[in-house]
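For reference, the structure discussed in these notes is given below.
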Amino acid sequence: GEFVHILGNKVTVLNENKEVVKKEVSEITWDVEAASKGGFDSFMAKEIYEQPKGVEDTLLRRLDENGRIKLDDIKITKEDLDKINKIYIVACGTAYHAGLVGKYAIEKFAKIPVIADIASEFRYSDPFIDDKTLAIFVSQSGETLDTLAALREAKERGATTLAITNVIGSSISREADKVVYTMAGPEIAVASTKAYTTQVVMFYLFSLYLAEQRGVITQEEYSRIMSELISIPEKINFDLKRLEKVKEIASFLKDKTNGFYIGRGLDYRVALEGSLKIKEVSYIHTEAFPSGELKHGTIALIEEGTPVVVLATQRDLMDKSISNIKELKARGAHVIAIGHETSENLKLVADDFIPISESDDLVSGILSVIPVQALAYYTSVAKGIDVDKPKNLAKSVTVE
Ligand code: M6R
């Protein structure tokens, strides 16, 4: 059958009639193409390199012949939207970080207030939810227990629920009122990479769709952002071919025990994901925070050689980011900046510079996440860690 998903020793496959069935691992004849490493030395590497395809498939699946977004199957009409006065986005880990970008996109384009919450907090917090709430649950596996429990809680309180998941037939996809699938293909490595980028792209599509339904976006802006999105797979592809600098930085980071990831606006959300990724696969303690918070405490920890990854793709905030970098460097930090390839001033001030392809600032997070994933990957490999199966972690957290 067609391989869909592994969870512990249970495997989900599609049978000849395209029905979802669960089997024991031992019963499976693997779909070699989907489940093997395809020439890569790890699933994480393979999955990082599969991102152009995952993003493209997620986009293509949702575009009609005129290049407009079709989400008719989830049936959210203008009337439904008029009833909704807020959106919750609930998830764990990397899926939560995708949700933070989702909040950014929905508020920016669709102009609906969004609360993003971590599922294990949401379910015990007496959340402010009623029948005017749309609650979105993001989960690669569709099986994460806290996210599933949060979904049940939201339903009970009368919210309309929407799942964004990668696994057909998963518990979350079955229990949500509406579901959209990311087209990342099976994600095997514990560290999530391609699921994240496809979730983020899905959020952009959803937010543009909502914006259009509500009549709060001009046709020019809609088309401009759509063409930015359509150009993303090619740009990721290009950026994946210039990771030499990232490899070099990884060999410097491997001997460090701690570091920081900072950014402003959209960059801060990517900083959170970069920090999680390197903790998870490289066992280096890092913390992410908004750059403006530096002088409210954390700068006390900066010493000679402390690595600080500065995400700086937001051009309107560039002067602020550059002055943060100067403050950091004055205290001895080793600054690794990630920004658009033409950001000359950033290049000049940083110790190391990792370029990403030019894009509109509104979508640059989909590109800047690639080098932070790669940095975590190469640092893990440089430390001799089993990058696909870092210690103490499971692919899906399905127990309390
Ligand atoms: O399957 P899910 O998306 O619900 O999983 C959520 C988190 O457990 C997951 O993203 C986790 O944080 C990853 N290991 C991060 O790389």
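Just follow the structure's listing: the first ligand is 1, and inside any ligand the first atom is 1.
Considering only non-hydrogen protein atoms, atom 6 (C) of ligand 1 sits nearest to C92 O, 3.4 Å. Considering only non-hydrogen protein atoms, atom 8 (O) of ligand 1 sits nearest to V397 CG2, 4.3 Å. Nearest protein neighbour of atom 5 (O) of ligand 1, counting heavy atoms only, is T144 OG1, 3.4 Å. Scanning the protein for heavy atoms near atom 15 (C) of ligand 1, the closest one is T94 OG1, 3.0 Å. When only non-hydrogen protein atoms are considered, atom 1 (O) of ligand 1 lies nearest to S141 OG, 2.7 Å.
Side-chain contact between M183 and L59 is absent, with no heavy atoms from C-beta onward closer than 4.5 Å. Residues I74 and V180 are in side-chain contact: their nearest non-hydrogen atoms beyond the backbone lie under 4.5 Å apart. Counting only heavy atoms from C-beta outward, the side chains of R152 and E175 approach each other to under 4.5 Å.
Checked against Y204 for a side chain to side chain contact (heavy atoms under 4.5 Å, CB included), the options I69, T58, V363 give a single hit: V363.
The shortest N/O to N/O separation between V190 and ligand 1 falls below 3.5 Å.
Side-chain heavy atoms closer than 4.5 Å link hydrophobic residues (I, L, V, M, F, W, Y) into clusters, and following such links, possibly through other members, connects V201 to I87.
The atoms of ligand 1 that sit less than 4.0 Å from any heavy atom of S192 are 15 (C), 16 (O). Interface of K277 with ligand 1, defined as ligand atoms under 4.0 Å from a residue heavy atom, comprises 15 (C), 16 (O). Each of the following atoms of ligand 1 lies closer than 4.0 Å to a heavy atom of Q140: 1 (O), 2 (P), 3 (O), 4 (O). If you number the atoms of ligand 1 from 1 as listed, the ones under 4.0 Å from a heavy atom of G93 come out as 12 (O). Here is the list of ligand 1 atoms found below 4.0 Å of a heavy atom in A95: 3 (O), 10 (O). Taking every non-hydrogen atom of A191 and a distance limit under 4.0 Å, the qualifying atoms of ligand 1 come out as 16 (O).
If you look at K395 next to ligand 1, there are no close heavy atoms at all, none under 4.0 Å. Only the side chain of E280 comes within 4.0 Å of ligand 1, judged by heavy-atom distances.
Ligand 1 lies out of reach of T147, whose nearest heavy atom is not under 4.0 Å from it.
When only modelled atom types and interatomic distance are considered, S192 and Q140 share no side-chain donor-acceptor pair under 3.5 Å. Judged by distance alone, the side chains of D361 and S364 never bring a donor and an acceptor atom under 3.5 Å apart. For the residue pair T94/K277, the side-chain donor-acceptor check at 3.5 Å is satisfied.
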- Message: With salt bridge (charged side-chain N to carboxylate O under 4.0 Å, His left out) as the criterion, how do R61 and D57 come out once you've worked through the C-alpha distance, each side chain's angles and the decisive distance to 0.1 Å?
- Response: CA-CA 6 Å; R61 170 91 195 268; D57 290 351; over 6 Å; no
- salt bridge (charged side-chain N to carboxylate O under 4.0 Å, His left out) between K70 and D64, worked out: CA-CA 6 Å; K70 50 170 197 229; D64 68 13; over 6 Å; no
